[in-house]
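Down below is the structure, laid out as structure tokens.
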Amino acid sequence: MTTDALTPHSSPSPSSTSHSSHAWTTRAVHAGRDDLAALGLHTPPIDLSTTYPSHDVLGEAARLDEFAAGHDDGGPPVYGRVANPTVRRFEDALAELEGAEAAVAFASGMAALSACLLAQVAAGKPHVVGVRPLYGTTDHLLDSGLLGTSVTWVSPEEATSAITDKTGLVIVESPANPTLGETDLRALAEACGPVPLLVDNTFATPVLQRPLTLGAGLVLHSATKFLGGHGDVMGGVIACSEELARSLRQVRFVTGAVLHPMAGYELLRGLATLPVRVRAASATAAELARRLADHPRVDRVHYPRLGGAMVAFETSADPVALISSVRLITPAVSLGSVDSLIQHPASLTHRIMDEVSRKEAGISPDLVRLSVGLEDVEDLWADLDGALTQALR
Ligand SMILES: *Cc1c(COP(=O)(O)O)cnc(C)c1O
């Protein structure tokens, strides 16, 4: 069904809708769906069109030029690589929840980050200032310079002095992966001056933290994690100003790293339950963090002051044996699903970093990372406690 394409909804300016007076959690349920009732629909239509008919060749050509320049007028997209009405719904909703003018969705979190880097290279600002630790593949992408960027690794206090006239982006993750270290985003954004600060907000989600309100220029999500929330959809998204969004749409148009419409549908559905999922998992994670802190085989627990569903801990037990001993929790990379996952960053997610960089980033070989899901806290504790007890060195 392509009702969306026939009835263009307005371009992203979510705060100007008549619904903006509703609470944030209410908007999480309704954002991206405000036009449905008028269309006679209850759930968002999924538009799988790869192309869109038009008898007005010249009009179509002019619109294509606009799309190529990064503008999205909200009308029929001409071609599936340009835009998609179902994906737009997710973008509009996420922009609203992050308090952004616009959002641009991609096939994965790494595709979203790649678009940011390519856009800054195209603008003649190939230098990145990176605050470690970052997601392992992000670290690798920056450290390898694979897309033509160069990086200076800094602590938040060193950001200002590392910025040059070629710096296009400062990148930080808070809480960070996998140490859950927190950065004062307001102070860092200030230290960046006119250079946009990109915050990877995958761990916190807009439920716990909205970096744009703290002065950040761009927010990145691996939508694969909490936004989707069920471990069955990959995606990435950047929330930012309309001006930055245009440069990202330009890159997406030529690289083709688009989010599939089915994924757009699933991610929009995920947003509706995001506040409930994140709050419930956070309450369980906070309790597990408390209990782990008292466990004789746990040396140190990392749990953000901000809260959240992620817990990391350093164990005196054998971390590899520990992970192979869990029964309810799934030993797997990734995070943010309804079910709990556990992994060993030094072996898996951060393996791609060299050992020295890992050490500098505070990623100990004894560190274990837990993504807490929606299971009962007592069942999760029994599984963790049992595995810790079994996993002697
Ligand atoms: C998973 C993840 C990414 C990369 O996202 P993909 O969807 O896997 O490409 C980036 N940052 C963080 C914090 C992540 O957890």
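The model shown is predicted, which means the values in this text are computed figures rather than measured ones. Order of appearance sets the numbers: ligands from 1, and atoms from 1 within every ligand.
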Checklist entry - Which residues pass the salt bridge (charged side-chain N to carboxylate O under 4.0 Å, His left out) test with E157, sequence neighbours left out? => result none
Report all N/O contacts between ligand 1 and the protein shorter than 3.5 Å as a table of atom names and distances to 0.1 Å; if there are none, say 'none'.
residue	atom	partner	partner atom	Å
ligand 1	5 (O)	S222	OG	2.9
ligand 1	7 (O)	G109	N	2.9
ligand 1	7 (O)	S222	OG	2.9
ligand 1	7 (O)	T224	OG1	2.7
ligand 1	9 (O)	G109	N	3.0
ligand 1	9 (O)	M110	N	2.8
ligand 1	11 (N)	D200	OD2	2.6
ligand 1	15 (O)	K225	NZ	2.7

Checklist entry - When you look at T25 and R279, which way does the side chain to side chain contact (heavy atoms under 4.5 Å, CB included) test go after all the steps? => result CA-CA 11 Å; T25 22; R279 290 203 188 105; 3.6 Å; yes
Next on the checklist: Tell me whether D143 is salt-bridged to R132, with the criterion being a basic N under 4.0 Å from an acidic carboxylate O.
Outcome noted: yes
Checklist entry - By salt bridge (charged side-chain N to carboxylate O under 4.0 Å, His left out), which residues pair with E173, not counting sequence neighbours? => result none
Checklist entry - Charged N to carboxylate O under 4.0 angstrom, D35 versus R89? => result yes
Item to check | Where at least one partner belongs to residues 190-204, residue pairs that pass side chain to side chain donor-acceptor pair (under 3.5 Å), sequence neighbours excluded | outcome: E98-N201, D200-T202, N201-Q209
